[in-house]
Each structure stands twice: as C-alpha cells, then as structure tokens.
Amino acid sequence: MSNLLRPDNFDNIIGQEEIINNLKISVASANKRNDVLQHCLFYGNAGLGKTTIARALANELGIDIQIANGASLSTNRDVLPYLMKLKEGSILFIDEIHRVNKKVQEYLLTVIEDFRLDIVIPAGKKDFGETITIDLPKFCLVGATTEMGDLVQPFLDRFKLKHFMRFYSSDELLLMLKGNSSKLKVNISEEGLNVIAKASRGTPRIANSFLEWVRDYQIANNLQGLEKEQVTTAIKMQGIDENGLNPIDRDYLSVLEKLSKESPVGVNTLCSALSLDKNTIEQKIEPWLIQQGYISKTPKGRILVEKDTKDAPTLADFFT
Ligand code: ADP
C-alpha cells in the first residue's frame, strides 16, 4: 500500500476517535512531565490502522520510531540490534507482537520494566562465562497484535495503555476514500466511492486496495471517470458479491448453514469442511461476519443468525 495514503499525524487520521483522544491525553501528560510515554498495545484486525497510528504517535511526539516484526524475533539475539539503537524516549514498534517467541517475551520483561539488558557471555574453555548488564535509555514499546491471547500474561501486563481498534463505519471509509481518490487522481463519483466503502469490511486497507483497483480499471479501459455502475462491475470482478462478501465468506456461510441445522458447529469441524486453519477462520473470516450479524459464537459453537436485510443498506442497494 502506497505511503501516500497513510496519514502521518493525529489530525489526518479518520475514525478511532476514542483511541486518538486517549493518546492525546497520554502524549500531553508525558510531555508536561518530561517523561517517556508508557508502553502501549494496539489490538485489532489487520488493516485497521495500528501501524498508521503508531507512526502518527511518533510524529506527534517528534521522536524516532524503529519498526520490527514479531515473526522475526525468535531469539534474544534478534532483538539486540533494535535495543542498541534506542534513544531516550524513542519508540520501538513491534508489529504482530504475538509472534515474538515466548522466551523472548519473557526476556523483554526486565528490558521494558527496568530498561536494563542482561547479556549472558557463554562459558569458554578457561572461564565460567558471565552476565553483563547494560542500562538502556528509557523508551516506549508499542505493540500491535491481532491475537492478544498469544502474549504471555506478564508481558501483556506491562502494556499500561491498551487500545482496541474497531471496524470503521461506511461514512468514515467514504470520507477517507474521498481524500485518497484525489491523492491518487482517480475521477470517481461519490456514489462510486460509496460502493467501495460498503464493500470494504470496515477496513481502510481493503478500501484503499479497492480504490487502487478501480483506478487500474479506469486506466485499462480508457474511461474518463467512474460512476457507480463501473465501480460495481470492477468490484464484482474481484469476487465481491452484492452484500460485500468475498468467496471465502460465502463458502463459510454455506457450510455453516448445512452443518448448523442440528446444532452449533465447532471451529475444528469448520476447519475440516473448509480446508482452512483455525487462525484464518477465527481471525480473518469470523470477526467481520459476527460484526455484521451473519453469525454468532455460542459456548457450544457457531450458529447462523437470521439476518434482517432491511437493517442496513448493502451493496445490493447500489445494483438497483
Ligand atoms: P494495521 O497495522 O492495523 O494492519 P495499517 O496501519 O497498516 O493497518 O493500515 C493500512 C492502511 O490503511 C494504511 O496504509 C493507511 O493508508 C490506511 N489507514 C489505516 N487507518 C487509517 C485511518 N484511521 N485513517 C486513514 N487511513 C487509514
């Protein structure tokens, strides 16, 4: 995703007002106390803006940010280069922090609590080895995760500020798309942008991808501009149906419909029926279907919810 579309300060961020307002308080207090921001965790689905807000936070504080990915931190040694580059007050942002090896999460406890690093020098032939301690500058660890439950509890407890990202409303996505269509120089009607907003599962990253896709569609077809009908056709080409559901959502719902006739369905049954892993089902497919009221999770398993289609306008409304 082009950096051009990433807002770089709080005022340009659309939605997530509660989080931004809370962060403004934390930033103002840290500045007035001349102290470093407390460790902070963002939890929420992919593409909702965790990295965007972390970068904006660094800009607001006027400090350095280093970016690491949890998947690449499998040994203590992997975190050292980041720790060595820390400056007083700077941010270390770890995306997918739940993927940091559990032993490394435990190693980081004293690092983020006492700003102290213990390095064990292995024993040689002639000595017994030793532990050296290095004092680190006080810094702020910012984590982003889609699976908070995978963090070891003491590590999770060290994040004093926890922020839960929510899905965006269609109006928020529409506002974002209006700004981004000018940045990308796509000539598209408001109704066309509305089709994209409805199809984007409340997620800015998806909305921006669709916007780039309809831009490509416009260029490839030598169109002067894009109206609702052309946008609808372009979005349908991506496999998105009139309710904004993708092919995997549709498979999920049809399998659940068949299997849940007798009783609620467990996740493992869905995994076998759909040939998908548990993580994909629980983290990628279900949150949006639950949020939209298609399914419900009960203690006994998943059930299909009779959805009242009169509730809210869907993509179908744009086809008529
Ligand atoms: P995450 O880290 O949660 O996976 P990102 O921060 O990478 O999500 O967001 C994906 C893209 O969506 C960003 O590049 C940015 O263009 C856009 N985006 C995310 N949140 C917002 C927002 N609140 N306002 C405007 N654009 C946003």
Side-chain angles (χ1 to χ4, degrees), residues 1-24 27 39-61 65-73 91-100 140-148 150-151 159 161-186 188 193-194 196-216 238 279-280 282-288 291:
M1 181 64 57
S2 155
N3 280 342
L4 180 71
L5 304 186
R6 200 191 278 281
D8 55 8
N9 61 45
F10 286 167
D11 288 340
N12 292 335
I13 285 180
I14 289 162
Q16 309 292 350
E17 282 93 4
E18 309 82 10
I19 296 182
I20 299 299
N21 289 339
N22 279 293
L23 286 175
K24 282 181 178 167
V27 168
H39 303 308
C40 173
L41 185 71
F42 295 107
Y43 166 72
N45 262 39
L48 291 183
K50 300 180 292 298
T51 312
T52 302
I53 294 182
R55 282 177 177 274
L57 179 62
N59 282 340
E60 295 285 337
L61 287 160
I65 179 166
Q66 293 188 73
I67 300 197
N69 190 295
S72 64
L73 305 179
I91 289 184
L92 172 58
F93 174 69
I94 306 185
D95 198 9
E96 300 196 75
I97 198 164
H98 57 275
R99 297 183 69 186
V100 174
C140 168
L141 178 64
V142 178
T145 180
T146 50
E147 287 151 65
M148 201 159 64
D150 278 1
L151 293 173
F159 292 94
L161 310 173
K162 294 190 184 69
H163 296 292
F164 298 85
M165 311 279 299
R166 55 170 185 77
F167 288 110
Y168 294 67
S169 69
S170 296
D171 286 347
E172 288 169 341
L173 291 180
L174 182 62
L175 189 62
M176 197 188 87
L177 287 163
K178 277 186 189 165
N180 290 348
S181 60
S182 340
K183 286 186 193 160
L184 290 181
K185 301 191 175 59
V186 200
I188 175 168
L193 289 176
N194 225 349
I196 299 180
K198 302 276 178 214
S200 300
R201 306 166 74 92
T203 308
R205 183 181 290 149
I206 300 179
N208 284 340
S209 301
F210 283 153
L211 186 63
E212 291 182 316
W213 167 247
V214 299
R215 185 257 332 258
D216 295 346
Q238 297 260 309
N279 176 44
T280 303
E282 290 188 332
Q283 307 295 332
K284 307 273 187 292
I285 304 174
E286 291 183 337
W288 177 245
Q291 211 268 354

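Owing to the predicted nature of the structure, the values given are computational and were not obtained by experimental measurement. Residue numbers start at 1 and run along the sequence shown. Both ligands and their constituent atoms are indexed starting at 1 by order of listing. The figures here come from the full heavy-atom set of this structure, side chains too, leaving out hydrogens, waters and symmetry mates.
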Closest heavy-atom contact between [X] and [Y]?
| X | Y | answer |
| --- | --- | --- |
| Met176 | Pro204 | SD-CB, 3.5 Å |
| Leu48 | Gly202 | CD2-O, 3.5 Å |
| His163 | Asn22 | CE1-CB, 3.7 Å |
| Lys50 | Phe42 | CD-O, 3.7 Å |

Tell me which part of [X] gets within contact of ligand 1: side chain, backbone, both or neither, using heavy atoms under 4.0 Å.
| X | value |
| --- | --- |
| Asp95 | neither |
| Met176 | side chain |
| Tyr168 | side chain |

Identity of the nearest option to [atom], non-hydrogen atoms only, from [options]:
| atom | options | value |
| --- | --- | --- |
| atom 19 (C) of ligand 1 | Gly44, Ala56, Pro7, Gly49 | Gly49 |
| atom 22 (C) of ligand 1 | Thr52, Thr145, Ile14 | Ile14 |
| atom 4 (O) of ligand 1 | Gly47, Ser209, Gly179 | Gly47 |

message: Which of the numbered atoms in ligand 1 are under 4.0 angstrom from any heavy atom belonging to Ile13?
response: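 Those of ligand 1 that fall under 4.0 Å from Ile13 are 23 (N).
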field: Close-contact set for ligand 1 against Leu5 heavy atoms, below 4.0 Å
entry: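 Those of ligand 1 that fall under 4.0 Å from Leu5 are 15 (C), 16 (O).
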message: With rounding to the nearest 0.5 angstrom, report the CG to OG1 distance, Leu57 to Thr52.
response: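 Reported value, rounded in 0.5 Å steps: 12.0 Å.
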Value rounded to 0.5 Å, distance of CD1 in Ile53 from CG in Asn9: 12.0 Å
field: Gln283 (side chain) donor-acceptor with Asn45 (main chain) under 3.5 angstrom
entry: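 Answer holds: no.
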message: Looking at Phe210, is its backbone amide N or carbonyl O close enough to the side chain of Gln238 to form a donor-acceptor pair, meaning the two atoms are under 3.5 Å apart?
response: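 Not at all, since once roles are kept as given, no pair shorter than 3.5 Å links the two residues.
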Examine ligand 1 and decide if any of its atoms is less than 4.0 Å from a heavy atom belonging to [X].
| X | value |
| --- | --- |
| Ala46 | yes |
| Gln16 | no |
| Gly15 | no |

- prompt: Considering distance alone, does some N or O of Arg205 sit under 3.5 Å from an N or O of ligand 1?
  reply: yes
- prompt: Just distances here: any N/O of Lys50 and N/O of ligand 1 closer than 3.5 Å?
  reply: yes
field: NZ/NE/NH1/NH2 to OD/OE distance under 4.0 Å, Glu17 and Lys24
entry: no
